[in-house]
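Notes to accompany the following structure.
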Amino acid sequence: MASSEEGLAASLGELRVEAAPLRDSEVASHGNGADIVDDDDDIWDDAGPDSPGRGSILDREWAYRQNQFRKMGYRDGITEGQKDAAQEGFNIGFRESVHVGYKWGLLRGITSALASLPDNSKEKLLPNDQCRGRLQDLHNSIQEISSDNALQMFHKSTLDNNHPLEEPHIKSEEVEAVDSSRLETLPKDLLLLLHECPNIKVQEEMA
Amino acid sequence: MDQQPKDDVDFLEPSILLDETHYQEGYKNGYDDGLVSGKEEGRQVGLKMGFQVGEELGFYQGCLDVWMSVIRLEEGAFSARVRKNMEQLAVLLSKYPLSDPENEQVQDMMEKIRLKFRVITASLGAKMEYEGRPTSSKQDVEDL
């Protein structure tokens, strides 16, 4: 029994050293796999029983089996981990973007509502022709930007700020042509206009 | 892998223990990786949803701000019934928990806001609609 026990101990030893490079290829983390592989044969030869050939076949069988179990565990683990972190990630993303979207929506709502007012109300809120002209221009510019475009522009602006983001979902020629800086400049234009129209009171978020 | 086979156990016994150990090792690595990728994937969906929800609510609030500005100058600009609806819309909007996407009430609240907005614009005869309303947004929420 002594020799078979010795053989098993050796197998386990070699399993351990083979495990390192296998795991490396799976999760690509540590970098010392190659050194260990070089020692592989030496370990076996030093501790080898009478029939090394048979032992190393068994050994490879073990290593394979071990790797299979690791892979199974990894697959199950990653699914569970993703599930557990999804809501947290969602909340983070949501809070990151909701106020940017809100501000953009305010802009859209203010210009749309102003543009659709009957003339007599419009004249009371917008003191002169020049203001009314600027509002109409602003309204037209904003109407040209669909919500998908705005989302795309926001996406691009977060990319420019070096946040890691995936490829956007929406892609079209039109979207590519949109200048994402308009998400910044149009609200400023509206604010400038509103400074001249004290009768229009809007949310503080607009400023 | 620290455990060594004991002298008195069957050969297969430690192999099953090892299988379990390897599975658990893999699981732990997978779980940690999953937390990272799952969080980022969730964040992507959240970024999209947050912008869309924010934009829609901002749109309604922006319209309301303008209407309220009109009322301040000329109370009779809108009928009493429309004014009442506008005030109700203001309350609904102020109650919406913008930073709490997990709140279970948000879908109901959004539906009420949309309905109230439609009632008002219909009364005004204004051809105003929030066109950007994403058709997929409700689905996204349900998916999570």
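Values below: all heavy atoms of this structure, side chains included; hydrogens, waters and symmetry mates excluded. We name chains A, B, ... by the order of the sequence lines, and we start the count at 1 in each one.
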If I compare all heavy atoms of [X] with all of [Y], which pair ends up nearest, and what's the gap?
| X | Y | value |
| --- | --- | --- |
| A:Ala85 | B:Leu35 | CB-O, 3.2 Å |
| B:Pro101 | A:Asn91 | CG-OD1, 3.4 Å |
| B:Leu98 | A:Phe94 | O-CE2, 3.2 Å |
| A:Gly109 | B:Cys63 | O-SG, 3.5 Å |
| A:Met72 | B:Tyr23 | C-CE1, 3.7 Å |
| B:Phe59 | A:Ser112 | CE1-OG, 3.7 Å |

Starting at [atom1] of [X], measure out to [atom2] of [Y] and round the result to the nearest 0.5 Å.
| X | Y | atom1 | atom2 | answer |
| --- | --- | --- | --- | --- |
| A:Gln66 | B:Thr21 | CD | OG1 | 9.5 Å |
| A:Asp148 | B:Lys48 | CG | NZ | 7.5 Å |
| B:Tyr27 | A:Arg75 | OH | CZ | 14.0 Å |
| B:Glu20 | A:Phe69 | CD | CZ | 8.5 Å |

Please check if atom [atom1] in [X] has more than 12 non-hydrogen atoms from other residues, nucleotides or ligands closer than 6.0 Å.
| X | atom1 | result |
| --- | --- | --- |
| B:Lys95 | NZ | no |
| B:Arg81 | CZ | no |
| A:Glu61 | CD | no |
| A:Lys124 | NZ | yes |

Answer whether the closest heavy-atom distance between the side chains of [X] and [Y] falls below 4.5 Å.
| X | Y | value |
| --- | --- | --- |
| A:His99 | B:Ser99 | yes |
| A:Val98 | B:Phe51 | no |
| B:Glu55 | A:Ser147 | yes |
| B:Gln44 | A:His155 | yes |
| B:Leu18 | A:Trp62 | yes |

Q | Residue part contacting chain B, namely of A:Ala115, when any heavy atom lies under 4.5 Å | A | neither
Q | Residue part contacting chain B, namely of A:Leu107, when any heavy atom lies under 4.5 Å | A | neither
(Q) Counting only non-hydrogen atoms closer than 4.5 Å, does B:Glu74 touch chain A with its backbone (N, CA, C, O), its side chain (CB onward), both, or neither? (A) side chain
Q | Part of B:Leu73 within contact of chain A (heavy atom distance under 4.5 Å) | A | side chain
Q) Using a cut-off of under 4.5 Å for heavy-atom pairs, which of B:Gly38, B:Ser37, B:Ala77 has the most such pairs with chain A? A) B:Gly38
(Q) Only pairs of heavy atoms separated by less than 4.5 Å count here; which of B:Gln24, B:Glu102, B:Arg72 has the most with chain A? (A) B:Glu102
Q) Given the rule in the salt bridge (Lys or Arg N to Asp or Glu O under 4.0 Å) test, do B:Asp19 and A:Arg65 qualify, once you have shown the distances and angles that lead to the verdict? A) CA-CA 8 Å; B:Asp19 288 346; A:Arg65 186 185 167 102; 2.4 Å; yes
Q. Just by modelled atom types, is the A:Gln203 backbone N or O under 3.5 Å from a matching donor or acceptor in the B:Asp65 side chain?
A. yes
Q) Within the side chain of B:Ser69, is there an N or O that forms a donor-acceptor pair under 3.5 Å with the backbone of A:Lys201? A) yes
Q. Judged by modelled atom types alone, do B:Tyr31 and A:Asp76 share a side-chain donor-acceptor pair under 3.5 Å?
A. no
**Q.** Residue among A:Asn120, A:Val202, A:Thr79 with most heavy-atom pairs under 4.5 Å to chain B
**A.** A:Val202
Q: State whether A:Glu88 and B:Arg43 are salt-bridged, where the test is any N-O pair (Lys NZ or Arg NE/NH1/NH2 against Asp/Glu carboxylate O) under 4.0 Å.
A: no
